[in-house]
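Hydrogens, waters and symmetry mates are skipped; everything else that's a heavy atom, side chains included, is used. In each ligand, atom 1 is the first atom listed, and ligand 1 is the first ligand listed.
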Amino acid sequence: MVIKMQQDDVERLKEAVAYEALEYLQEFTHIGMGSGTTIRHLIRLLATHSNRNMVFYPTSLDTELQLRKHKLNVGVLGKNPLDIAIDGADEIDNAGNLLKGGGGALTREKIIKAAAAKYIVVVDETKMVTRLGQKKPITIEILPFGYLNTLKRITAYLSRFDIEWHLFRESKKKLGPLISDNGGILVDVKVKQIFQPKIVEKDLNTIPGVIENGIFPKAADLALIGTKNGVVKKRFISQT
Ligand code: 5RP
C-alpha cells in the first residue's frame, strides 16, 4: 500500500532535518550553503544558532537574500577553502548519487560542492529512490544561443533511457522560459531511470551549449534523511 504524505508532513520532516544539521555545522567556519526549501529552514534556524565566525557561501540569489535577511555573513567564493557545503536534493539513491536542479540552482550548487572538503545532503524520505530519475526529471542548464539545437542533441542522447517528457522550464510570472541566476535556460527531461550516472553526467556536459546538469554522482559524504521515525544519518564512503 502506498501512503501519500501530506505537504505539511513533508515540511515537518524538512524542518527536523534542518534542525539536526545545525549540530554538524557548529565546528565549521567557511560553509557552502545550498538552495531550496530545506535550506531555507536551516538558514532561519542559523539566524539564532550560528556563531559569529561562520561565513556562508550561497549557491543562488535566493539563498544569498535569505542569508542577508537573517544577518548572516556572506562570503566571496575563492578567498578561502570551504570546510563543508550543505545542500538539499530532489533525489538520492543508496550510493549517495543525487539528482538536483528542482530550484534551478544546479550550476552554482555544483561549483560550491566542488570547492568544499565535505558535502552534507539534507532531504526528507520522499527523495529516496533505488535508481536516479525514477521520480524527478534531469535538469540541464543551457545557453540561450542555439537552444533548440542543444535540446535536440540532449534528447537524442537521453533517448536511451526512454524519455517520458521534456520541456523548457517556465515561470508563472514571466512569459517564455525561466532564466536562471546565470542567464541560462533550464531544460527538464524526465526519463524512466538513469543508469551509470557518472557517465551520463560527463556525456551531457560535452554537448555544446550545455552549461551544467543536475546529476551529482556519488556526491554525498553524509545524508541527513527526515523520516516519520526521526532523522536518519547515512554515511557514504569513497566519494569522489
Ligand atoms: C536546487 C536544488 C535543491 O537543492 C533541491 O531542489 C532542494 O529541494 P527542497 O526544496 O525539497 O529542499 O537542487 O537546484
Side-chain angles (χ1 to χ4, degrees), residues 5-22 25 31-46 56-67 84-93 96-114 116 119-129 132-142 168-171 177-190 194 197 201 204-205 210-217 219-227 231:
M5 263 202 255
Q6 300 291 321
Q7 195 51 40
D8 282 359
D9 300 332
V10 174
E11 234 27 66
R12 264 197 294 276
L13 298 185
K14 289 181 181 186
E15 263 184 293
V17 105
Y19 197 79
E20 191 76 28
L22 279 176
L25 296 185
I31 301 168
M33 189 54 75
S35 300
T37 51
T38 317
I39 291 294
R40 275 181 165 222
H41 286 303
L42 176 60
I43 293 173
R44 192 172 36 76
L45 292 168
L46 279 165
F56 300 96
Y57 298 77
T59 53
S60 62
L61 292 176
D62 180 65
T63 293
E64 182 175 343
L65 288 168
Q66 296 298 316
L67 290 167
I84 194 165
I86 185 161
D87 206 344
D90 301 313
E91 286 186 354
I92 179 166
D93 71 10
N97 294 302
L98 309 176
L99 201 56
K100 292 177 51 55
L106 62 142
T107 300
R108 295 188 187 195
E109 288 172 339
K110 210 173 263 188
I111 293 169
I112 291 283
K113 189 232 163 273
Y119 193 64
I120 300 189
V121 181
V122 278
V123 289
D124 63 82
E125 62 187 339
T126 64
K127 310 285 183 74
M128 292 168 72
V129 291
L132 290 190
Q134 284 175 335
K135 295 183 176 177
K136 294 294 166 101
I138 306 172
T139 301
I140 303 141
E141 182 167 0
I142 66 171
F168 290 115
R169 197 179 299 177
E170 294 188 358
S171 96
L178 182 79
I179 303 299
S180 77
D181 288 355
N182 314 306
I185 293 176
L186 299 167
V187 180
D188 288 320
V189 184
K190 177 71 182 78
I194 303 164
E201 184 216 17
L204 281 172
N205 283 356
V210 168
I211 300 170
E212 191 49 87
N213 69 80
I215 301 173
F216 286 50
D221 293 301
L222 171 71
L224 300 178
I225 306 166
T227 77
V231 177

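Numbered from 1 in the order shown, with element, the atoms of ligand 1 that lie under 4.0 Å from a heavy atom of Gly36 read 10 (O). Residue Asp87 has at least one heavy-atom neighbour below 4.0 Å for each of these atoms of ligand 1: 4 (O). Distances below 4.0 Å separate heavy atoms of Leu106 from the following atoms of ligand 1: 14 (O). Counting atoms of ligand 1 from 1 in the listed order, those under 4.0 Å from a heavy atom of Ala89 are 4 (O), 7 (C), 8 (O). Applying the 4.0 Å criterion to heavy atoms of Thr37 picks out, from ligand 1, the atoms 9 (P), 10 (O), 11 (O), 12 (O). Close approach of ligand 1 to Gly103 (heavy-atom distance below 4.0 Å) involves ligand atoms 1 (C), 2 (C), 6 (O), 14 (O). Contact atoms of ligand 1 toward Gly88: 4 (O) (distance under 4.0 Å to a heavy atom of the residue). Near Ser35, with a cut-off below 4.0 Å to any heavy atom, the atoms of ligand 1 are 3 (C), 4 (O), 7 (C).
Taking the side chain as every heavy atom from C-beta outward, Ile86 and Ile84 never approach each other to under 4.5 Å.
With respect to atom 14 (O) of ligand 1, the closest heavy atom belonging to the protein is Ala105 N, 3.0 Å. Looking from atom 12 (O) of ligand 1 to the surrounding protein, the closest heavy atom is Thr38 OG1, 2.6 Å.
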inquiry  = As a quick check of understanding, evaluate side chain to side chain donor-acceptor pair (under 3.5 Å) for Arg169 and Thr139, giving each step before the final call.
reply    = CA-CA 9 Å; Arg169 197 179 299 177; Thr139 301; 3.2 Å; yes

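Within the structure, ligand 1 has Lys14 among the residues with a heavy atom less than 4.0 angstrom away. Using 4.0 Å as the threshold, Gly101 has a heavy atom nearer than that to some atom of ligand 1.
Atom CG in Leu222 sits 12.0 Å away from atom OH in Tyr119 (nearest 0.5 Å). Considering CD of Glu11 and OG1 of Thr38, their distance stands at 7.5 Å, rounded to 0.5 Å. Of the inter-residue distances, the one linking Ile140 atom CD1 with Ile138 atom CD1 reads 5.5 Å to the nearest 0.5 angstrom.
In this structure a side-chain-to-backbone donor-acceptor pair under 3.5 Å is missing from Ser180 to Ile185. Put simply, the side chain of Asp124 never gets that close to the backbone of Val10: no donor and acceptor are under 3.5 Å apart. In this structure, the side chain of Lys100 engages the main chain of Gly88 through a donor-acceptor pair within 3.5 Å.
Scanning Lys127, Lys100, His41, Glu141 for the heavy atom closest to atom 4 (O) of ligand 1 points to Lys100. Of the listed residues (Val122, Asp90, Leu99), the one carrying the non-hydrogen atom nearest atom 5 (C) of ligand 1 is Asp90.
The residues Glu201 and Lys110 are annotated as salt-bridged, a charged nitrogen and a carboxylate oxygen being separated by less than 4.0 angstrom.
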